[in-house]
Amino acid sequence: MDRREALRSVAILLGTAISAGTTDILFSSYTLPEGEKNAVSFTTEQLKALTEIADVIIPTTKSSPGAKVAGVGKFIPMMITDCYPAKQQQSFHKGLKEFEARAKKAYGKSFALIPLTERKKMLTVLRQETLDQKTNKIPEKVDIAYFFTTVRDLTSLGYFSSEVGCTKAREYVL
């Protein structure tokens, strides 16, 4: 089974756990022109932030390792640059930059370097803003809302399609 077939299978298994937009992009990425790939690049600081965001979304518990252990921090940017059209890559990247700017404004440092309690607060606020954006449709919040929805979806997809997610977080029942 190749990567695309695996992603399709996982997307179908997760069903409504992944938003319709993410599912649509995953299915349409099979025909993504090569010129659309790698429209953005991520800094080391942004990669660390994505890793920590994913780990807040799916943390390590007593029974299973979290998203950081599963390598979701590397999975998210790979999916963005390889599978998403340039316009969505740029929207995601703008949202990530805005999110990082919020962390630096509030705490004076990158999201990856702030305490866990503050990370949780920032993501809780962002989640609520994203929910509000569905009804309010504020143009200047489009990118950050898209960023949150996408990072949440790709965290779930990456985790539950990883070896850790498949063997430690799930139980195989014959």
Side-chain angles (χ1 to χ4, degrees), residues 2-58 67-68 70-105 110-113 119 122-123 125-134 136-162 165:
D2 67 4
R3 178 180 69 110
R4 291 179 185 209
E5 186 62 34
L7 288 174
R8 180 184 299 200
S9 298
V10 169
I12 290 168
L13 284 173
L14 289 175
T16 59
I18 297 178
S19 71
T22 299
T23 303
D24 181 51
I25 285 180
L26 290 175
F27 287 130
S28 64
S29 70
Y30 302 116
T31 58
L32 185 68
E34 285 298 316
E36 291 273 313
K37 294 182 179 183
N38 302 310
V40 297
S41 60
F42 296 93
T43 66
T44 303
E45 187 176 79
Q46 289 171 330
L47 295 174
K48 288 177 183 176
L50 289 170
T51 298
E52 296 305 326
I53 291 167
D55 206 53
V56 170
I57 293 170
I58 302 178
K68 188 188 290 189
V72 175
K74 292 179 182 177
F75 175 81
I76 294 169
M78 180 273 299
M79 289 297 293
I80 293 295
T81 58
D82 287 358
C83 300
Y84 283 63
K87 185 177 177 183
Q88 278 84 5
Q89 289 180 45
Q90 291 160 353
S91 180
F92 180 88
H93 199 256
K94 284 179 191 174
L96 173 58
K97 287 199 297 193
E98 184 179 330
F99 186 69
E100 273 288 278
R102 286 182 184 187
K104 288 178 182 174
K105 183 177 180 184
S110 172
F111 179 83
L113 301 175
R119 289 183 207 160
M122 281 192 70
L123 285 173
V125 167
L126 183 55
R127 178 184 175 273
Q128 189 57 53
E129 284 179 15
T130 301
L131 292 171
D132 294 344
Q133 179 66 10
K134 287 184 178 187
N136 298 336
K137 310 272 189 223
I138 302 168
E140 51 274 359
K141 294 202 177 209
V142 168
D143 292 326
I144 196 152
Y146 180 75
F147 162 74
F148 178 77
T149 302
T150 305
V151 79
R152 179 202 62 204
D153 291 352
L154 290 177
T155 297
S156 295
L157 178 64
Y159 183 75
F160 289 108
S161 62
S162 72

Applying side chain to side chain donor-acceptor pair (under 3.5 Å) to Asp55 and not counting sequence neighbours gives none
Between Gln46 and Leu96, which heavy-atom pair has the shortest distance, and what is it?
-> CB-CD2, 3.7 Å
Pairwise side-chain contact, Val72 with Ile58, heavy-atom cut-off 4.5 Å (strictly under) | no
Can you name the one residue among Thr150, Leu154, Thr149 that meets side-chain contact (heavy atoms from CB on, under 4.5 Å) with Arg152?
-> Thr149
Mind checking side-chain contact (heavy atoms from CB on, under 4.5 Å) for Leu47 and listing every partner two or more places apart, or none if nothing turns up?
-> Phe42, Pro77
How close do Gly73 and Thr51 get, heavy atom to heavy atom, and via which atoms?
-> CA-OG1, 3.3 Å
Ala49 and Ala112: which non-hydrogen atoms are nearest, and at how many Å?
-> N-CB, 4.0 Å
Could you grab the distance from atom CD of Gln133 to atom CZ of Phe148, nearest 0.5 Å is fine?
-> 13.5 Å
So how far is it from Lys68 NZ to Leu50 CG, rounded to the nearest 0.5 Å?
-> 13.0 Å
Ile80 CD1 to Phe92 CZ distance, which is reported to the nearest 0.5 Å | 4.5 Å
Approximate separation, where rounding is to 0.5 Å, of Thr155 OG1 and Met79 CE | 11.5 Å
Not counting sequence neighbours, which residues clear salt bridge (Lys or Arg N to Asp or Glu O under 4.0 Å) with Lys104? List them please.
-> Glu45
Distance col, row Ile57:CD1 vs Arg119:CZ, nearest 0.5 angstrom, shows 12.5 Å
Name all pairs fulfilling the salt bridge (charged side-chain N to carboxylate O under 4.0 Å, His left out) condition that reach into residues 88-101, sequence neighbours left out, sorted by first residue then second.
-> Glu98-Arg102
Any donor-acceptor N/O pair, Ser162 side chain to Gly165 backbone, under 3.5 Å | yes
With sequence neighbours excluded, what pairs up with Ser91 under the side chain to side chain donor-acceptor pair (under 3.5 Å) test?
-> Asp143
What one should report as the nearest heavy-atom pair of Ala54 and Ile76 is CB-CD1, 4.3 Å
Approximate separation, where rounding is to 0.5 Å, of Lys48 NZ and Ile53 CD1 | 14.5 Å
Can you name the residues that form a ring-ring contact (aromatic ring centres under 6.0 Å, His included) with Phe99, not counting sequence neighbours?
-> Phe111, Phe147
